[in-house]
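In what follows, a single structure is set out as structure tokens and then discussed.
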Amino acid sequence: MTCGDLRAQHDQQVVTLNGWIDVVRDHGGLLFFDVRDRFGLTQVVLDPAEVAPALVEEARQLRPEWVVAVTGRVRRRPGASVNAARPTGEVEVVATALQILNPSKTPPFLPTDEGGVNEELRLRYRYLDLRRPALRESLELRHRFFLEIRRVLDREKYIEVETPMLTRMTPEGSREYLVPSRVHPGRFYALPQSPQVFKQLIMVGGMDRYFQIARCLRDEDLRADRQPEFTQLDLELSFGDEEDVFAIIEKVLADSIKAVFHRDVPTPFPRLKHRDAMLRYGVDKPDLRFGLEIQELSEIWRGAGFRVVDDVLAAGGVVRGLCVKGGAARLSRKDIDALTPFVQGFGAKGVAFLKQENGQLAGPLSKFTDAGRIAALNAACGFGDGDLLLIVADRERVVCKSLGELRNDLARKLDLLPKDGRLAFSWIVDFPMFDWSDDEQRYVAAHHPFTTPLETYPGQMEKEPGKVTARAYDLVMNGWELGSGSVRIHQREMQARVFEFLGITPDEAREKFGFFLEAFEYGAPPHCGLGLGLERTLALLLDRPNIRDLVAFPKTASASDLMNGAPSEVPLKQLKELHLQVVDVEPAGGGPKKA
RNA sequence: GGGGGUGUAGCUCAGUUGGUUUAGAGCGCUAGCCUGUCACGCUAGAGGUCGCGGGUUCAAGUCCCGUCACCCUCGCCA
């Protein structure tokens with residue numbers, strides 16, 4: 001019997017409840033307390049007229065968070081004392097025996113504290129935080145969501161296969177956590193940034209349809225939507241293509257979101273070419289819940305005499321803008337001025353604007369705007385009376401980033417986000433195969449080097465690498481990247497060409513992933529797949545601003561665990577065993593450093 | 001590595017231009033009273049190195065410098 005079970009139908013039953021004292025209401029004579037467990041809350045009553053004085057005395061010692069076992073008889077509450085606000089509010093348990101299983105110190109915060117508690121404190125006492133309803137709900141929904149995903153995939157003939165945590169470092173990709181080998185001096189395992197290599201080998205191994213709810217670890221700087229370890233739905237299938245991946249992922253999400261959250265997910269998800277996403281939304285993870293699309297305005301402003309614009313266009317840059325309908329009145333001069341430092345944060349020089357109010361043009365662009373340009377703007381984006389046009393001129397990359405971030409910022413400020421809990425999923429497709437790296441002065445794989453390039457003619461990769469698209473795709477929802485995947489290269493020759501183009505020599509390739517390439521010489525099937533961040537998905541479904549509350553024991557932005565103190569120093573003896581020596585370490589703790 | 005924010009009682013916060021009484025409030029805690037509460041109520045009490053270190057000043061929670069922790073973010077995250 002749990003603390004959430006009892007109803008009027010249990011009247012007169014003798015039950016024992018185990019749980020935590022939630023609150024005590026001592027009336028001097030009558031004494032009430034609520035016993036709480038994961039399933040609910042039940043009121044217990046002691047009446048001095050009915051029970052032994054010793055029992056009442058013992059009950060008076062009770063304090064919040066003590067752990068008890070209470071035995072008593074269920075009874076319907078007298079008329080006016082029914083509490084309709086609680087599922088168990090029709091009944092109470094008349095205690096006949098009380099066992100204190102464990103007292104509790106006064107906790108730094110109570111599960112019943114409604115208001116915000118400092119997150120640092122919550123993380124330090126995470127086991128207390130877990131008693132709070134919000135976190136309990138998160139973990140229960142996480143459990144049910146994962147369970148549903150497994151059910152759907154099982155029905156679709158996918159099998160879950162676990163892959164190693166102690167694995168081999170992979171070149172490229174994110175920074176990895178390393179684990180020193182005791183047995184092999186100077187050698188290290190890496191913790192997997194994802195099961196990428198293994199899942200492809202599982203395809204070579206003939207499993208046909210694989211998935212895993214897999215832990216991934218990345219040693220990169222953290223954010224609200226990034227933890228050093230997180231959980232992915234990792235999936236791979238053989239003898240299929242993009243369409244099969246889209247179909248199964250859409251099914252998994254639609255079915256499990258319907259089952260667990262009772263929300264409808266319309267399928268198929270819309271698809272957007274990467275190039276169009278960048279043009280229209282400035283980012284590769286657009287929030288499609290609102291419009292306010294970016295407008296290409298280079299040709300309209302060309303030759304208008306605006307020096308900044310002319311210089312940018314002459315240097316091969318672009319001019320783009322956002323047309324804020326009704327924005328002339330909604331954004332004050334002060335609001336608009338504040339946008340310049342905002343976009344400067346993304347590398348732009350500033351924002352120029354044009355306002356039309358009662359037929360009058362205003363703003364720095366007005367003196368460069370003749371009637372022809374007004375007409376052109378009207379045709380391009382419907383710019384008219386009462387509207388505000390914000391433009392950024394710069395290199396394309398900077399313009400995209402600035403306007404993309406500005407678009408999201410304005411959506412918040414102008415309240416453009418629908419409040420209907422809409423889940424705007426989309427597939428971003430046709431990614432470029434290669435990105436030019438200024439740092440390394442070479443092309444790097446945009447997704448990863450096992451992604452199939454899609455050449456428009458043989459040899460395009462070598463001739464026009466920047467124009468080759470990749471058979472890679474991202475899953476985006478409400479402006480968050482939830483997952484990404486690709487059709488993998490399964491033929492040795494194509495893999496060799498990609499490596500060669502990336503400047504990975506055959507020797508290097510053999511040294512770094514020889515085992516992987518070798519596998520592909522033994523009958524690798526065509527295959528493709530995807531990895532989907534499950535905490536991010538849950539955070540969006542539950543409208544949580546960060547993913548920490550989807551994880552039982554999360555880490556801080558500096559990758560510390562405030563509860564157990566990880567990462568910790570280790571005894572010298574252990575370092576020696578691992579053939580490690582720590583150098584250049586600052587004195588530990590917050591004390592002053594020795595001169 | 002860069003930018004922004006926060007740090008005062010166990011918790012959530014207030015604290016004016018640097019100075020007035022002993023740095024406050026609510027919740028929690030402790031004690032007493034209370035027989036139908038359910039955030040029980042009433043009365044009283046305890047509880048503070050103002051994150052830490054330095055500096056300016058007759059005087060610092062308040063100003064300056066440094067530092068630590070946490071949050072948000074840019075870079076980064078194939």
Side-chain angles (χ1 to χ4, degrees), chain A residues 22-34 41-50 56 60 63-65 77-86 88-89 92 105-110 112-125 128 170-176 193-194 196-197 216-228 230 341-347 401-402 405 409 431 433-435 437-439 443-451 470 472 474 481 484-486 502 531 533 545-546 548 555-558 560 562 586 588-593:
Chain A
D22 198 61
V23 67
V24 182
R25 292 179 294 275
D26 182 354
H27 288 238
L30 268 184
L31 183 140
F32 300 94
F33 57 87
D34 295 333
L41 202 66
T42 299
Q43 172 167 287
V44 176
V45 60
L46 280 93
D47 187 337
E50 299 179 56
V56 179
R60 285 199 202 291
R63 293 292 179 271
E65 302 312 306
R77 295 199 197 180
S81 63
V82 167
N83 185 343
R86 284 186 188 171
T88 61
E92 61 194 358
K105 286 167 60 174
T106 300
F109 57 91
L110 290 170
T112 45
D113 283 342
E114 299 265 338
V117 176
N118 185 311
E119 193 173 7
E120 225 173 316
L121 198 73
R122 290 176 45 208
L123 290 172
R124 186 145 94 229
Y125 298 95
L128 296 179
T170 49
E172 316 218 17
S174 70
R175 197 176 296 122
E176 292 166 317
Q193 44 179 294
S194 81
Q196 183 65 37
V197 166
C216 303
L217 301 103
R218 296 181 186 174
D219 185 5
E220 296 289 349
D221 286 342
L222 305 176
R223 291 286 189 287
D225 61 350
R226 292 190 222 155
Q227 280 280 299
F230 61 100
F342 180 83
V343 297
Q344 282 172 344
F346 306 107
K401 181 75 180 167
S402 303
E405 296 292 341
D409 186 56
F431 278 79
M433 179 75 192
F434 304 107
D435 286 334
S437 165
D438 283 336
D439 286 353
Y443 279 100
V444 296
H447 185 65
H448 60 56
F450 312 118
T451 305
D474 275 6
E481 181 193 320
S484 70
S486 62
L502 290 172
N546 70 63
R548 286 186 294 278
K555 290 180 179 62
T556 68
S558 57
S560 304
L562 296 182
E586 300 286 342
K593 288 172 187 150

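Within every chain, numbering begins at 1; the chains are lettered A, B, ... in the order of the sequence lines, protein sequences first and strands thereafter.
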For the side chain of A:R218 and the base of B:C77, is some donor closer than 3.5 Å to an acceptor across the two?
->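 In this structure, the two groups form no donor-acceptor pair.
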Has the side chain of A:R63 got a donor or acceptor atom sitting under 3.5 Å from an opposite partner on the base of B:G28?
-> no
In Watson-Crick or G-U wobble terms, both distances under 3.5 Å, what is the partner of B:U30?
->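 Pair assignment: B:U30 / B:A44.
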Which nucleotide, in any strand shown, forms a Watson-Crick or G-U wobble pair with B:U67, with both distances under 3.5 Å?
-> B:G51
Round to the nearest Å and state the distance from [X] atom [atom1] to [N] atom [atom2].
| X | N | atom1 | atom2 | result |
| --- | --- | --- | --- | --- |
| A:F342 | B:C74 | CZ | C1' | 11 Å |
| A:F346 | B:U73 | CZ | P | 11 Å |
| A:Y125 | B:C11 | OH | C1' | 12 Å |
| A:H448 | B:C77 | NE2 | P | 15 Å |
| A:D225 | B:C71 | CG | C1' | 14 Å |
| A:N546 | B:C70 | CG | C1' | 13 Å |
| A:E120 | B:G7 | CD | P | 12 Å |
| A:D113 | B:G28 | CG | C1' | 8 Å |

Let's see if you can work this out: which of [options] has an atom nearest to the side-chain heavy atoms of [X]?
| X | options | result |
| --- | --- | --- |
| A:N118 | B:U12, B:C29, B:G75 | B:U12 |
| A:R548 | B:C72, B:C77, B:C74 | B:C72 |
| A:S558 | B:C70, B:C74, B:C77 | B:C70 |
| A:T556 | B:C70, B:U12, B:U73 | B:C70 |

How far does the [atom1] atom of [N] sit from the matching atom of [M], given to the nearest Å?
| N | M | atom1 | result |
| --- | --- | --- | --- |
| B:U17 | B:U62 | C1' | 10 Å |
| B:C74 | B:C58 | P | 47 Å |
| B:U8 | B:G53 | P | 15 Å |
| B:C29 | B:G66 | P | 43 Å |
| B:U12 | B:U6 | P | 16 Å |

Return the polar atom pairs (N/O with N/O) between nucleotides 23-26 of chain B and the protein under 3.5 Å, or none.
none

NA contact type, A:K105, heavy-atom cut-off 4.0 Å: base, sugar-phosphate, or nothing?
->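 Touches nothing.
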Between A:G29 and A:R60, what is the shortest heavy-atom contact and its length?
->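 Taking every non-hydrogen atom into account, O-NH2, 3.6 Å.
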Minimum heavy-atom distance between A:S174 and A:R218, given as atom pair plus value | OG-CG, 3.3 Å
Would you indicate, yes or no, if B:C74 has its OP1 or OP2 atom less than 4.0 angstrom from a side-chain nitrogen or oxygen of A:R223?
->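 Result: yes.
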Heavy atoms of other groups near A:R226 CZ, more than 12 under 6.0 Å = yes
Base versus backbone protein contacts along nucleotides 33-46 of chain B [heavy-atom cut-off under 4.0 Å; B, S, -] = -BBBBB-B------
Given that A:Q196 and A:L110 both sit by RNA chain B, which one's nearest nucleotide is further toward the 5' end?
-> A:L110
